[in-house]
Amino acid sequence: MGRMSLSALAPQRPRILSGMQPTSDSLHLGNYLGALVNWVGLQEEFDAFYFVADLHSLTVPTDPADITRRTRVTAAQFIAGGVDPTTSAVFCQSHVPEHAELGWILACQTAMGEMNRMTQFKDKTAKGHNANVGLFTYPVLMAGDIIMYDAAYVPVGEDQRQHLEITRDLAERFNQRFGETFVVPEPYILKESGAKIMDLQDPTAKMSKSESSDKGVIWLRDDPAVTAKKIRSAVTDTEAEVRYDPETKPGVSNLLVIHSVLSGTRVEELERRFSGQGYGALKGEVAEVVTEALAPFKARMDQLLGDPAELDRYLAFGAERAGEVARETMRRTRCAVGLLTAARSAASALG
Ligand code: AMP
Ligand code: TRP
């Protein structure tokens, strides 16, 4: 920690920002291969800000102790996955209180109709969620997260595309109405096709934090023996041919993708290698590849979760860097909308 200094990290590179909600006790292999690995790859080229979207997770009623625990685990897993907290800013959204303030100011620039159109809200309420106002206005908070850091790019999955569009609309509208204040971000939709990981028990559905059965999800915190067992019990098909064909053989194709992404072996090469062998051989090797790849991840995660002080220091450092940018954005924003600048010191004003 001694070598970290704010001035040394002034952004020379374009800024990127992304976040994940602390909505489960562990990230899963889909989060890892579909998002985290990309985040890690981008941190060289970009000035990266990665945060745990804890304020967002309040939109669904959750036990406070769960939120606290999951926030820690999510941050630890970012770092265990390879995000370097001494070069990228890793922080909790709520540690930078400006997020809520910018969310409010942007909400006052947002039409009801714009929020009514958001498909994620419609999907969630259709599933019977008893929605609160926070869930309804969540895309505005997310727009603020992005705008706050002058992010040029926002690496997210396809499901977040609509939220990025509203972010661009809000930034452009604000600039038109109040003068150039915000950077308008470009979407950077992560190509999931290479690493879209499917549920092991229902390979036609995405591996997901909430909707999958526990047996179908490889949690990054699972013991290696549990991981191997889940892979060996993965649903395949009644043929015996190891062939990549997501339409008719989604289970086998998913295993091939997982192997290929983690081992760096091309899918065609794997098809050749396993030709004439049963699914047992493929599953055995996928289990090996996954548990081996996750071993260093698990070791680093256990270390971070075993030493909360180290994790807290990283998060404090990240929040300090984020806070510096956020305070500057809020200064511009408050000034643009006409909020009176607060006097620096009441004592000096009163003489
Ligand atoms: P979520 O689990 O929905 O909070 O998503 C966090 C990040 O992981 C997002 O960037 C998603 O696009 C990505 N992600 C989630 N599930 C998968 C999956 N099964 N395959 C690939 N990427 C995923
Ligand atoms: N909405 C994102 C998700 O559910 C998380 C998120 C919140 C986010 N704010 C963000 C992602 C800003 C990127 C940028 O996955």
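Indexing begins at 1, ligand by ligand and atom by atom, following the structure's order.
Evaluation of the side chain to side chain donor-acceptor pair (under 3.5 Å) rule for Ser88 yields Gln43 as partners, not counting sequence neighbours.
Neither the backbone nor the side chain of Asp159 comes within contact range of ligand 2; no heavy atom lies under 4.0 Å. Contacts between Ile146 and ligand 2 below 4.0 angstrom, taking non-hydrogen atoms only, involve the side chain exclusively. Contacts of Gln21 with ligand 2, taken as heavy-atom pairs under 4.0 Å, involve the side chain alone. Residue-level proximity to ligand 2 for Tyr50 is absent, since no heavy atom of it falls below 4.0 angstrom. Residue Gln160 does not touch ligand 1, judged by heavy-atom distances below 4.0 Å.
Between Phe51 and His99, the angle of the ring planes lies from 30° to 60°, which puts this pair in the tilted group. Relative orientation of the Phe91 and Phe49 rings is perpendicular, given thresholds of 30° and 60° on the angle between their planes. Between His56 and Tyr138, the ring planes are perpendicular. Angles over 60° get that label, and only those under 30° would be called parallel.
Within ligand 1, the atoms closer than 4.0 Å to a non-hydrogen atom of Gly34 are 21 (C), 22 (N), numbered from 1 in the order shown. In the vicinity of Gly157, heavy-atom distances shorter than 4.0 Å reach the ligand 1 atoms 10 (O), 12 (O). If you number the atoms of ligand 2 from 1 as listed, the ones under 4.0 Å from a heavy atom of Tyr138 come out as 1 (N), 2 (C), 3 (C), 4 (O). Near Val154, with a cut-off below 4.0 Å to any heavy atom, the atoms of ligand 2 are 13 (C), 14 (C). Atoms of ligand 2 found under 4.0 Å from any heavy atom of Phe51 (numbered from 1 in listed order, with element): 9 (N), 10 (C), 12 (C). Below 4.0 Å from some heavy atom of Asp145 lie the following atoms of ligand 2, by number and element: 7 (C), 9 (N), 10 (C), 12 (C). Contact atoms of ligand 1 toward Lys196: 20 (N), 21 (C) (distance under 4.0 Å to a heavy atom of the residue). Residue contact check: Leu17 has heavy atoms under 4.0 Å from atoms 12 (C), 14 (C) of ligand 2. Annotation for ligand 2: atoms under 4.0 Å from non-hydrogen atoms of Val156 are 11 (C), 13 (C).
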TODO: Please assess Val52 against Phe78 for the test side chain to side chain contact (heavy atoms under 4.5 Å, CB included), listing each intermediate value before the final yes or no.
DONE: CA-CA 9 Å; Val52 182; Phe78 288 178; 3.9 Å; yes

- [ ] Check the pair Val290 / Ile231 against side chain to side chain contact (heavy atoms under 4.5 Å, CB included), numbers first and verdict last.
- [x] CA-CA 9 Å; Val290 173; Ile231 294 169; 3.8 Å; yes

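Any N or O atom pair closer than 3.5 Å counts here, and Gln21 shares no such pair with ligand 1. For a threshold of 3.5 Å applied to N or O pairs, the pair formed by Gln160 and ligand 2 contains at least one separation below that value. At under 3.5 Å, a nitrogen or oxygen of Lys209, whether backbone or side chain, sits near a nitrogen or oxygen of ligand 1. Backbone and side-chain nitrogen or oxygen atoms of Ser18 are examined, and none is located within less than 3.5 angstrom of a nitrogen or oxygen of ligand 2. An N or O contact shorter than 3.5 Å links Gly30 to ligand 1 by distance. Geometrically, ligand 1 and Met20 share no nitrogen or oxygen pair separated by less than 3.5 Å. Not a single N or O atom of Val156, backbone or side chain, sits closer than 3.5 Å to an N or O atom of ligand 1.
Protein heavy atom nearest atom 5 (C) of ligand 2, with residue, atom name and distance: Gly19 O, 3.5 Å.
Summarising the local packing, NZ of Lys122 is surrounded by more than 12 heavy atoms from other residues, nucleotides or ligands at distances under 6.0 Å. Heavy-atom neighbours of Lys215 NZ from other residues, nucleotides or ligands within 6.0 Å: at or below the threshold of 12.
Under 3.5 Å, the side chains of Asp214 and Trp219 contain a donor-acceptor pair of N or O atoms.
In summary, Arg168 and Glu186 engage in a salt bridge, as defined by a charged side-chain N under 4.0 Å from a carboxylate O. With respect to Asp222 and Lys230, a salt bridge is recorded, a charged nitrogen being found less than 4.0 Å from a carboxylate O. We find that Asp25 and Arg221 are not joined by a salt bridge, their nearest charged nitrogen and carboxylate oxygen being 4.0 Å or further apart.
At a 4.0 Å cut-off, not a single heavy atom of Met198 sits close enough to ligand 1 to count as contact.
Both Ile16 and Trp39 are part of a single hydrophobic cluster, where members link through side-chain heavy atoms under 4.5 Å apart.
Note that OG1 of Thr238 is 8.0 Å distant from NZ of Lys249, once rounded to the nearest 0.5 Å.
Of the options Gly19, Pro22, Ala35, the smallest heavy-atom separation from atom 9 (C) of ligand 1 is shown by Ala35.
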